[in-house]
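The basis for the numbers below is simple: all heavy atoms, side chains too, and nothing from hydrogens, waters or symmetry mates.
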Amino acid sequence: MNFSLFLTELWNARLSLLSGLGNTILISAASVVLGSVLGVFIGLAMTYGAKWLRFIVRLYIDFLRGTPVFVLILACFYILSVVGLDLTAFQAGVLALTLFCSSHVGEIVRGALIAIPAGQTEAAKSVGLTFGQTFVYVLLPQALRQILPTWVNTATEIVKASTLLSIIGVVELLLATQQVISRTYLSLEFYLFAGFVYFLLNFVIEQAGRAVERRISIP
């Protein structure tokens, strides 16, 4: 390893790498937020929906969880364009990761809601709370303590899965790194650097999740 040469090339490629890192963060954040919101509704449908709705949602969850993320990304980019829905590579990638995230979050939310005693919901009804108020003020605070650790793991998986978007041309951190390597031939150095950056991203997510977990834990 030529460390001085690596530092020189790293500085020369700083703008492209920062742009790739920014895309990775944006893609991951958008996918996690949108997937989590959709996953909450999926979890509610699985827990409190009608039988026909639970059947449809179960098919949705099982199909997405059983489909490799790589295949899901290609499907969102190529198949949707065939049916007339033209998405950019960035949009298709975010859509694929959002769907993947929602299937996992939906299952997480379902498990957390089932674990809450039914008496909690009945007590909320007895004081006149609507279902929405019951969920926000009674169920969600209790479920959040069980959801958070697994949700953090899902968020870190989305960050790692974002590397697959390079296959459809999204210039995230990995593809930006590969472009630099193709010019400098410093493959080992730049792959180690990219791995370290991904580690830092996931480490920050895990630490933030633990901080929130400590904040909402019951003494």
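- I147 and A112 make their closest contact through CG1-CB, 3.6 Å (heavy atoms, listed as atom of the first residue, atom of the second, distance).
- Contact check for V136 versus Q133: no side-chain heavy atoms found under the 4.5 Å cut-off.
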Quick one, L10 with R14, criterion side chain to side chain contact (heavy atoms under 4.5 Å, CB included). Give me CA distance, side-chain angles, the key distance, then yes/no.
CA-CA 6 Å; L10 180 63; R14 65 190 185 280; over 6 Å; no
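- Take I25 and apply the side-chain contact (heavy atoms from CB on, under 4.5 Å) test, not counting sequence neighbours, and it matches L21, L201.
- For R183, the salt bridge (Lys or Arg N to Asp or Glu O under 4.0 Å) test picks out E9, with sequence neighbours left out.
- Listed by chain and number, the residues in a ring-ring contact (aromatic ring centres under 6.0 Å, His included) with F190 are F6 (sequence neighbours excluded).
- A donor-acceptor pair under 3.5 Å is absent between the side-chain atoms of T150 and the main chain of I108, judged by distance alone.
- Looking at heavy atoms from C-beta onward, K51 lies in side-chain contact with R54 at the 4.5 angstrom threshold.
- The structure places CZ of F203 at 13.0 Å from OG1 of T156, a figure rounded to the nearest 0.5 Å.
- Annotation: salt bridge (Lys or Arg N to Asp or Glu O under 4.0 Å) contacts of K160 (sequence neighbours excluded): E157.
- To the nearest 0.5 angstrom, L173 atom CG is 8.0 Å from S162 atom OG.
- At distances below 3.5 Å, at least one donor-acceptor pair connects side-chain atoms of S166 with backbone N or O atoms of T163.
- Using a 4.5 Å heavy-atom threshold, the side chains of F193 and L17 count as touching.
- Between V138 and T121, every side-chain heavy-atom pair lies at or beyond the 4.5 Å cut-off.
- Both L26 and V197 are members of a single hydrophobic cluster when ILVMFWY side chains are connected at heavy-atom separations under 4.5 Å.
- Under a 3.5 Å cut-off, the side chain of Q120 and the backbone N or O of I116 do not form any donor-acceptor pair.
- Shown here for T134 and A124, the closest heavy-atom pair between the two residues is OG1-CB, 3.4 Å.
- Between E107 and R110 there is a salt bridge, since at least one side-chain N of the basic residue sits less than 4.0 Å from a carboxylate O of the acidic one.
- Note on I167 and V159: same hydrophobic cluster, where clusters join Ile, Leu, Val, Met, Phe, Trp and Tyr whose side-chain heavy atoms are under 4.5 Å apart, directly or indirectly.
- To the nearest 0.5 Å, atoms OG1 (T177) and CG (L186) are separated by 12.0 Å.
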Return all side-chain donor-acceptor pairs below 3.5 angstrom for residues 70-80, not counting sequence neighbours, or 'none' if the list is empty.
none

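- V57 meets the side-chain contact (heavy atoms from CB on, under 4.5 Å) test with I42, A45, M46, L53, I61; sequence neighbours excluded.
- Looking only at distances, a side-chain donor or acceptor of R145 sits under 3.5 Å from a matching main-chain atom of P141.
- The OG1 atom of T8 lies 11.5 Å from the CH2 atom of W11; values are rounded to the nearest 0.5 Å.
- Checked against ring-ring contact (aromatic ring centres under 6.0 Å, His included), Y48 has the following partners two or more places apart in sequence or in another chain: F131.
- For S16, the side-chain contact (heavy atoms from CB on, under 4.5 Å) partners at least two apart in sequence or on another chain are A13, V180.
- Considering only residues two or more places apart in sequence or on other chains, S182 meets the side chain to side chain donor-acceptor pair (under 3.5 Å) condition with none of them.
- Side-chain contact between F3 and L7 is present, with heavy atoms from C-beta onward closer than 4.5 Å.
- Grouping the Ile, Leu, Val, Met, Phe, Trp and Tyr side chains by contacts below 4.5 angstrom, directly or via other members, places F63 with W52.
- Under the 4.5 Å side-chain contact rule for hydrophobic residues, V204 and V212 do not share a cluster.
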Please list every donor-acceptor pair under 3.5 Å in which a side-chain atom of residues 82-106 meets a protein atom from a residue at least two apart or in another chain.
{"from": "T88", "atom 1": "OG1", "to": "Q91", "atom 2": "N", "distance (Å)": "3.1"}
{"from": "T88", "atom 1": "OG1", "to": "Q91", "atom 2": "OE1", "distance (Å)": "3.4"}
{"from": "Q91", "atom 1": "OE1", "to": "T88", "atom 2": "N", "distance (Å)": "3.1"}
{"from": "T98", "atom 1": "OG1", "to": "V94", "atom 2": "O", "distance (Å)": "2.7"}
{"from": "S102", "atom 1": "OG", "to": "Y60", "atom 2": "OH", "distance (Å)": "2.7"}
{"from": "S102", "atom 1": "OG", "to": "T98", "atom 2": "O", "distance (Å)": "3.4"}
{"from": "S102", "atom 1": "OG", "to": "L99", "atom 2": "O", "distance (Å)": "2.7"}
{"from": "S103", "atom 1": "OG", "to": "F100", "atom 2": "O", "distance (Å)": "2.7"}

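- In this structure, CD1 in I114 is found 11.0 Å from CD in Q146, a value given to the nearest 0.5 Å.
- F135 pairs by the side-chain contact (heavy atoms from CB on, under 4.5 Å) definition with V40, L44, L113, L139, L140, not counting sequence neighbours.
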Where do F41 and V109 land on the side chain to side chain contact (heavy atoms under 4.5 Å, CB included) test, with the steps shown first?
CA-CA 9 Å; F41 288 103; V109 172; over 6 Å; no
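- Residue pairs meeting the side-chain hydrogen bond (donor to acceptor under 3.5 Å, both in side chains) criterion with at least one partner in residues 192-208, sequence neighbours excluded, are E172-Y198.
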